[in-house]
Number of protein chains: 2
Amino acid sequence: MIVRQAANVLEIMEFFAQVKKPATLAEIADHFGWPRSSTFNLLATLSEKGYLYEPRPRAGFYPTPRWLAMARMISEVEPLPPWTHQLISDLSAETGETASIVAPAGVMAVFIDVVESKAAIRYFATIGHRVPIHATASGRALLLQYSQEERDSVYRKIEFKQYGPSTPISIEAVEIELRNSIARGYCQSFADYSRDLAGAAIPLPIGDRRLSVVVAGPEFRIGPKVPEVAALIARTVDRLRPKTSAA
Amino acid sequence: MIVRQAANVLEIMEFFAQVKKPATLAEIADHFGWPRSSTFNLLATLSEKGYLYEPRPRAGFYPTPRWLAMARMISEVEPLPPWTHQLISDLSAETGETASIVAPAGVMAVFIDVVESKAAIRYFATIGHRVPIHATASGRALLLQYSQEERDSVYRKIEFKQYGPSTPISIEAVEIELRNSIARGYCQSFADYSRDLAGAAIPLPIGDRRLSVVVAGPEFRIGPKVPEVAALIARTVDRLRPKTSAA
DNA sequence: GGAAAATGTACATATATGTGAATTTATATG
DNA sequence: CATATAAATTCACATATATGTACATTTTCC
């Protein structure tokens, strides 16, 4: 069950992140198609908690820096080491495609850092973007780091759906693809989940964290180059990852 | 009316900002005294939206960097000019008390930047902290920037409460205090709202934004020094504020 | 290795909550 | 300055939602 008002808080936050200017109750209500009274309650709640204020008279609400203060506190713990951002930054620059660091979230894989391609046609992904762990290159690069028992436990919760022609729709299919990936030396996906999207990924364990790096883009552009992209990823990780410790 | 699940999202966020480590469903439910099933729904919603993930197996949930990404996008608009942080930083260092930048939010005043005193006994305030606009030095320094009509409109919404012995409990009392403040050259408060708390504030208009600076601390320590603290604030603003333009 | 404890998940139901309509307040217009 | 129009609040009620209970899964402990 989705908790509507919880989701609405996030929607509002994203709304402000997008429009980047104060908005009145009426504007917000109209934008989302929410009743004014409901919007009123929500805004009052966020204001009361210190997350919204009125920067100038009659110009409406805008988030206070409290969001930022909280997010900073949260993120200063175990941040990703700086070289991982360098990594996807370099990869995106060299390949012209979108590169990301990905982490597990149950049966999904979450993008926790992204550098987008600058191409007009590109893989559009943002931090927080989620994809099925079993039907994506990045996700399978995570699964490779699991023990058999852990994988089984994940499999039990997966609802296998035919997202595309090549989506693995059974546990066996996934396991086979994992074995192939090991043999191949990297994970790949050709529209397994998103139409026209292809990508290459490799596991990226950092400390006891299970992460992966992925480079993805439109199939017609990146498709033929997947092997060399994979090699590039491996080389770049090798170059940037500190040799001394696990971190 | 307060929207409970909206507030809960913020609570969860603040919880993570405090504990700074992943937490399981059970831990979160117990911490807040929420039913497991409700907690489950909330966490599922936040996860689904890409704001929570599971950094390592069986270690529970933690916020994704998406919070930070959103907060950054929101805050890069019209950020406070850097000299305002310098201002409260200097003021806090010189006085040993807590210094803040404050903005209006209806009948309340919100702290939008804070540098805390390092003293053991101090005014504990965080970004997002809210106080009644009419019963605080910082709030009245905002009201001074309003037109009479705007002030009247605010007064109509205020519920006058006797927070402390010197709280102004009528429109006239507030207006008188505002006139006194003008004569005096700064706003002051002696436990008008918070027990044992005294402070000095002055208006700080920036562009068309109505802000104020306040220095506040325990009455016994800052009380006798309020006039000189006020003078210090004025001098420091004068020193740091760029002379050229309104920004 | 098996039982017990803890944790996570599903669902029907009572109830807390969102909302439409009414009221008040603010702003624009003649 | 009066009137019209739009925005912000309030409130009672129907309904969408949180939760108690039951079940499943995982982990711990003996």
Side-chain angles (χ1 to χ4, degrees), chain A residues 1-12 22-49 52-54 56-62 104-108 146-159 171, chain B residues 1-12 22-49 52-54 56-62 104-108 146-159 171:
Chain A
M1 170 191 267
I2 191 163
V3 181
R4 182 120 65 92
Q5 293 294 27
N8 287 351
V9 170
L10 307 174
E11 297 281 338
I12 285 205
T24 63
L25 189 154
E27 283 167 357
I28 296 170
D30 293 350
H31 175 86
F32 290 106
W34 295 340
R36 299 240 163 138
S37 49
S38 312
T39 308
F40 175 77
N41 290 334
L42 232 197
L43 294 181
T45 303
L46 293 181
S47 299
E48 190 132 329
K49 284 271 173 183
L52 244 39
Y53 75 124
E54 287 139 81
R56 55 204 85 198
R58 269 176 283 116
F61 296 86
Y62 199 72
V107 299
M108 305 296 274
Y146 285 41
S147 70
Q148 187 63 55
E149 293 76 37
E150 290 171 322
R151 274 209 301 278
D152 288 340
S153 156
V154 171
Y155 291 149
R156 247 169 274 137
K157 296 178 191 159
I158 292 178
E159 256 194 294
I171 295 178
Chain B
M1 171 191 267
I2 190 163
V3 181
R4 185 121 63 92
Q5 293 295 27
N8 288 351
V9 170
L10 306 174
E11 296 281 338
I12 285 204
T24 63
L25 189 154
E27 284 167 355
I28 296 170
D30 293 350
H31 175 87
F32 290 106
W34 296 339
R36 296 257 163 113
S37 49
S38 313
T39 308
F40 175 76
N41 290 335
L42 232 197
L43 294 181
T45 303
L46 294 180
S47 300
E48 190 129 332
K49 284 269 172 185
L52 244 40
Y53 74 125
E54 288 140 77
R56 55 206 85 198
R58 268 175 285 116
F61 297 86
Y62 199 73
V107 299
M108 305 296 273
Y146 285 40
S147 71
Q148 187 64 54
E149 293 76 38
E150 291 172 323
R151 275 209 301 277
D152 288 340
S153 156
V154 170
Y155 291 150
R156 249 170 273 137
K157 295 177 189 160
I158 292 178
E159 257 195 293
I171 295 178

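Each chain gets a letter, A, B and so on, in the order its sequence line appears, and its residues count up from 1.
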| message | Below the 4.0 Å mark, does D:dA18 have OP1 or OP2 next to a side-chain nitrogen or oxygen of B:Gln5? | response | yes
| query | At under 4.0 Å, does any side-chain N or O of A:Arg156 touch on OP1 or OP2 of D:dA24? | reply | no
Between [X] ([atom1]) and [N] ([atom2]), how many Å, whole number?
X: B:Lys157; N: C:dT24; atom1: NZ; atom2: C1'; result: 11 Å
X: A:Ile2; N: C:dT9; atom1: CD1; atom2: P; result: 16 Å
X: A:Asn8; N: D:dT17; atom1: CG; atom2: C1'; result: 13 Å
X: B:Ile158; N: D:dT9; atom1: CD1; atom2: P; result: 14 Å
X: B:Tyr155; N: C:dT25; atom1: OH; atom2: P; result: 18 Å
X: B:Arg4; N: D:dT17; atom1: CZ; atom2: P; result: 14 Å
X: A:Tyr146; N: D:dT26; atom1: OH; atom2: P; result: 14 Å

Is there side-chain contact between [X] and [Y], with at least one heavy-atom pair below 4.5 Å?
X: B:Asp30; Y: B:Arg36; value: yes
X: B:Gln5; Y: A:Arg4; value: no
X: B:Ile12; Y: B:Leu43; value: yes
X: A:Trp34; Y: A:Leu42; value: yes
X: B:Tyr155; Y: B:Arg151; value: yes
X: B:Leu46; Y: A:Leu10; value: yes

| said: Which residue is it: A:Ile28, A:Thr24, A:Asn8? I am looking for the one with a side-chain contact (heavy atoms from CB on, under 4.5 Å) to A:Thr39. | reply: A:Ile28
| Which residues within residues 39-48 of chain B lie with some heavy atom under 4.0 Å of an atom in DNA chain C? | B:Phe40
| task | List in numerical order all residues of residues 26-38 of chain B for which some heavy atom is under 4.0 Å away from an atom belonging to DNA chain C. | result | B:Ala26, B:Arg36, B:Ser37
| query | What's the shortest heavy-atom distance between A:Ala105 and B:Glu54, and which atoms? | reply | C-OE2, 3.4 Å
| field | Side-chain donor or acceptor of B:Thr45 paired with backbone N/O of A:Ala6 under 3.5 Å | value | no
| message | Judged by each residue's nearest nucleotide on DNA chain C, which is more toward the 5′ side, B:Val154 or B:Leu25? | response | B:Leu25
